[in-house]
Amino acid sequence: MTRVRFLRVDGSVERDIEAPAGANLLDLAQAQGQPLEGACEGQMACSTCHVIIAAEDFERLPPASEEEDDLLDLAVGVTRTSRLACQVALPEGQLTVRMPSATKDWRRR
Ligand code: FES
């Protein structure tokens, strides 16, 4: 199981839940009412699922693919610990996830 903590843009705690390890972070976030559009439904074409992972948890995730990194380069408000939620499987243990200040759908130019 994974203890998932969703933080608002300002860093305050929005929700603390438990979910099965291996579950998709975007699916979970949307099921929990988090403001992540996920416009391309996990096809890595939009970056509207951009989230910021807590530094201590980020290090425990498998690294992003080159394709994910390229799309993150275009995301708004990206940080060193940014990920695309559609590409993250919940690790065993814990995961703290903060919403970004804005998102951008790169399919709509
Ligand atoms: Fe579009 Fe993740 S849902 S990149």
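Note that ligands are numbered from 1 as they come in the structure, with each ligand's atoms numbered from 1 the same way.
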With a 3.5 Å distance limit and no angle check, can you tell me whether R8 reaches the backbone of V13 through a side-chain donor-acceptor pair?
yes
Test your reading of the model: is there a side-chain donor-acceptor pair from R15 to the backbone of Q34, 3.5 Å cut-off?
no
Do E56 and Q94 make a side-chain contact, defined as non-hydrogen atoms from C-beta onward lying under 4.5 Å apart?
yes
Going through the checks in order, is the side-chain contact (heavy atoms from CB on, under 4.5 Å) test met by L84 and S47?
CA-CA 7 Å; L84 296 178; S47 86; 4.1 Å; yes
Enumerated ligand 1 atoms positioned under 4.0 Å from heavy atoms of [X]:
X: L26; answer: 3 (S)
X: M44; answer: 4 (S)
X: A45; answer: 4 (S)

Counting heavy atoms only, which part of A85 comes closer than 4.0 Å to ligand 1: side chain, backbone, both or neither?
neither
Quick check: does C40 have an N/O/S atom under 2.8 Å of atom 1 (Fe) of ligand 1?
yes
With atom 2 (Fe) of ligand 1 as the reference point, say which of C49, G42, C46, G38 has the nearest heavy atom.
C49
Are V9 and V97 joined in one hydrophobic group, where the rule is that I, L, V, M, F, W and Y side chains link up if heavy atoms are under 4.5 Å apart?
yes
